[in-house]
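The next block holds one structure in the form of structure tokens; read it before the comments.
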Protein chains: 2
Amino acid sequence: MAATRLDQIDRKILAELQADGRMTNVELAKRVGISAPPCLRRVRTLEEAGYIRGYHAKVDARELGFEVQVFAMVGLQSQAEADLSKFEQRCRDWPLVRECHMLNGEVDFILKCVAPDLSTFQNFLTEELTAAENVASVKTSLVIRGAKDEPGVPFDVLEDRLARNA
Amino acid sequence: MAATRLDQIDRKILAELQADGRMTNVELAKRVGISAPPCLRRVRTLEEAGYIRGYHAKVDARELGFEVQVFAMVGLQSQAEADLSKFEQRCRDWPLVRECHMLNGEVDFILKCVAPDLSTFQNFLTEELTAAENVASVKTSLVIRGAKDEPGVPFDVLEDRLARNA
DNA sequence: CGTTTATTGAAATATTATTGCGCGCGACTG
DNA sequence: CAGTCGCGCGCAATAATATTTCAATAAACG
């Protein structure tokens, strides 16, 4: 794995920034056990190498009036690469679709969507998603409640793994 | 909606920090059109009010050797609240499970999981998830590739909406 | 209207980010 | 092995940013 290119300090940096993306560099340096300048240099390197894709505030959608979250399983008629790409591009253009993943199995894509209310989503569903070219089937499930939401990497698992391989 | 309590500047702040969680406060202030001190106060207020749930670096799981991502649909035997909670707690304890959402419909939960490789995931699947108390059925789908991944709020939709209601 | 309350922005101060540079350590070489 | 090269560290100095303080302004209210 590419993680081999990283030493323990780099991984600690990633873990800390994943947990708190606004941590100051001095605090980060203190936690990983080096001084501020090399710490900052490492962060920049990790960013440029693509280990860090960006930093984002986690904004509570429900608090902002997006009370509906839906997972949609989408099946297409054609799975030719050109058609897959076309569908993916449409997902990128739909603001209500926040995530789009291509899957194996009977379903081709899973979409995570948000909407201010059910009628807005239903409108999107019938007018846009189901109606879109090449879409064969759509099954949706409303999110009743969220129990865990920590996208990213389980660094404890990673460290266990590296320790075992060492 | 609770977004009514926020003015346009607050919403702009949220949008900017969602897009770039490490933006400096002076840059943020410049973009939203006020000076730095009140801008910082607004950010703190938004954090305390729960509009901002935290800040996180988006770490690339695949780059770190987590090459497998899986969605798992889980059905339980009992949907009594106590049993639902128990299952949710288990999900929180499993490091490979990064997200857990309760759904309506035939499936009770959808889980987003990561693993270093397929065998690690299959081991988790058979030894932990499927074997867990009260779990009736599990269907999994491997993520072939990701096409969009922007969790959060579509602020353009929100602004449209507010403009229409005004 | 006068008062209260909330929010602002300028200025001052404290922290933090960033750059420049010399040092030490390990690896490669003759 | 000694010499030297290259990498990465930390110290110190500087630039930028965050944060507090405070007086002024504008809206809200009686």
Side-chain angles (χ1 to χ4, degrees), chain A residues 1-60 63-65 155 158-159 162-163 165-166, chain B residues 1-60 63-65 155 158-159 162-163 165-166:
Chain A
M1 70 184 73
T4 309
R5 299 172 165 279
L6 305 179
D7 63 15
Q8 203 171 353
I9 294 179
D10 289 316
R11 295 193 302 270
K12 191 87 191 298
I13 287 174
L14 292 173
E16 293 289 346
L17 287 179
Q18 177 173 275
D20 178 5
R22 275 201 87 119
M23 187 179 299
T24 66
N25 183 59
V26 294
E27 173 67 17
L28 181 60
K30 199 180 306 171
R31 293 198 187 194
V32 304
I34 60 179
S35 65
C39 184
L40 187 61
R41 279 190 293 262
R42 278 167 180 262
V43 171
R44 298 279 181 258
T45 302
L46 290 168
E47 289 169 355
E48 281 160 24
Y51 290 97
I52 297 177
R53 289 308 218 209
Y55 302 88
H56 304 280
K58 192 168 167 185
V59 176
D60 190 309
E63 287 286 324
L64 280 177
F155 280 97
L158 178 57
E159 293 301 334
L162 294 174
N165 288 3
Chain B
M1 71 183 72
T4 309
R5 298 172 167 278
L6 303 179
D7 63 16
Q8 202 171 354
I9 294 179
D10 289 317
R11 295 193 302 271
K12 191 87 192 297
I13 287 174
L14 291 174
E16 293 290 347
L17 287 180
Q18 177 173 276
D20 178 4
R22 274 198 87 111
M23 187 179 298
T24 66
N25 183 58
V26 295
E27 173 66 18
L28 181 60
K30 199 181 307 171
R31 293 198 188 194
V32 304
I34 60 179
S35 64
C39 184
L40 187 61
R41 277 191 297 262
R42 278 167 181 263
V43 172
R44 298 279 181 257
T45 302
L46 291 168
E47 290 169 355
E48 281 160 24
Y51 289 97
I52 297 176
R53 290 309 213 204
Y55 303 87
H56 304 280
K58 192 167 168 184
V59 177
D60 190 308
E63 287 286 324
L64 280 176
F155 280 97
L158 177 57
E159 293 300 334
L162 293 174
N165 289 2

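Since we're looking at a predicted model, the values are computed, not measured. Naming convention: chains lettered A, B, ... in sequence-line order (proteins, then strands); numbering from 1 in each chain.
Leu158(A) and Leu64(B) get closest at one heavy-atom pair: CD1-O, 3.8 Å. The shortest non-hydrogen separation linking Phe155(A) to Arg11(A) is CE2-O, 3.8 Å. Scanning all heavy atoms of the two residues, the minimum distance from Ile52(B) to Ala57(A) falls at CG2-CB, 4.2 Å. Minimum heavy-atom separation, Gln18(B) to His56(A): O-ND1, 2.7 Å. Of all non-hydrogen atoms in Tyr55(B) and Gly21(B), the two that sit nearest each other are CD2-O, 3.8 Å.
What separates CD of Gln8(A) from P of dG8(D) is a distance of 17 Å, to the nearest Å. Here the P atom of nucleotide dC7(D) and the CZ atom of Arg42(A) are 14 Å apart, to the nearest Å. One interatomic measurement links the two molecules: CZ of Arg31(B) to C1' of dT17(D), which rounds to 16 Å at whole-angstrom precision. One atom, CG of Asp7(A), and another, C1' of dC7(D), lie 13 Å apart when rounded to the nearest Å. The CG atom of Leu40(A) sits 13 Å away from the C1' atom of dA16(D) (whole-angstrom rounding). Between Ile9(A) atom CD1 and dC9(D) atom C1' there is a gap of 10 Å when expressed in whole angstrom units. Atom CZ of Arg22(B) is separated from atom C1' of dA18(D) by 14 Å (rounded to the nearest Å). As a whole-Å value, the separation of Met23(A) CE from dA18(D) P is 17 Å.
Screening Leu14(A), Ile34(A), Val32(A) against Arg42(A) for a side chain to side chain contact (heavy atoms under 4.5 Å, CB included) leaves a single residue, Ile34(A).
When the nearest nucleotides of DNA chain C are assigned to Cys39(B) and Ala36(A) by heavy-atom distance, the more 5′-ward of the two goes with Cys39(B).
Bracketed by its first and final contacts, the part of DNA chain C lying under 4.0 Å from non-hydrogen atoms of chain B reaches from dT8(C) to dA11(C) in 5' to 3' order.
For Glu159(A), the CD atom is densely surrounded, since the number of other residues' heavy atoms within 6.0 Å is greater than 12.
Within 4.0 Å of Ser35(B), counting heavy atoms only, lies at least one base atom of the nucleic acid.
Taking five base pairs at each end of the helix from dC1(C)-dG30(D) to dG30(C)-dC1(D) and finding the rotation axis that steps the C1' atoms of four pairs onto the next four gives two axes whose angle is 30°, to the nearest 10°.
Although no hydrogens or angles enter the test, the distance criterion places a donor-acceptor pair under 3.5 Å between the side chain of Arg22(B) and the main chain of Met23(A).
Contact check on Arg44(B) versus Glu48(B) returns no salt bridge, with no Lys/Arg side-chain nitrogen under 4.0 Å from an Asp/Glu carboxylate oxygen.
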